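Just below is one structure, and these are the notes that go with it.
A quick note: this is a predicted structure, and the numbers were derived from the prediction, not measured.
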Amino acid sequence: MAGFLDRAREQVQQGLNQGKQKIDDVQAQRAGNDLLKQLGAAYYAERRGSGTPDATQQALSALEAHIATHGDGFLRA
């Protein structure tokens, strides 16, 4: 009986870990999308004359840092 409970507990823990990983992936994808949107807004503002190249560069750097950490999977969605 103890072996059965150990296996069941292991399966539950594995399911919880997979669920947490999925949530982390979705949160990283949302953050990447937000950073991409910020870059677009900064670039648009710069082109219209109300933004600065520094703001665009900062947005680009933040996006590149996110990609380095989490990958660029959100760009394909």
List, by chain and number, the other hydrophobic cluster members for Leu16, where Ile, Leu, Val, Met, Phe, Trp and Tyr join if side-chain heavy atoms come within less than 4.5 Å, directly or indirectly. Val12
Can you list every pair that meets salt bridge (Lys or Arg N to Asp or Glu O under 4.0 Å) and has a residue in residues 27-41, with sequence neighbours left out? none
For residues 46-74, which residue pairs pass the salt bridge (Lys or Arg N to Asp or Glu O under 4.0 Å) check, not counting sequence neighbours? Asp72-Arg76
Ignoring hydrogens and angles, tell me if any N or O in the side chain of His66 forms a donor-acceptor pair with the backbone of Ala28 under 3.5 Å. yes
Would a 4.5 Å heavy-atom cut-off, applied to side chains only, mark Leu35 and Ile67 as touching? no
Distance col, row Glu10:CD vs Arg7:CZ, nearest 0.5 angstrom, shows 9.5 Å
Would Gln29 and Asn33 count as having a side-chain donor-acceptor pair, cut-off 3.5 Å? no
Arg9 meets the salt bridge (charged side-chain N to carboxylate O under 4.0 Å, His left out) criterion, sequence neighbours left out, with Asp6
Partners passing side-chain hydrogen bond (donor to acceptor under 3.5 Å, both in side chains) against Lys20 (at least two apart in sequence or in another chain): Asp24
List the residues meeting side-chain hydrogen bond (donor to acceptor under 3.5 Å, both in side chains) with Ser61, not counting sequence neighbours, and say none if there are none. Gln57
Over all heavy atoms of both residues, which pair between Ala59 and Leu39 is shortest? Give the atoms and the distance, please. CB-CA, 3.7 Å
Leu63 versus Gly32, closest heavy-atom pair with distance: CD1-O, 4.0 Å
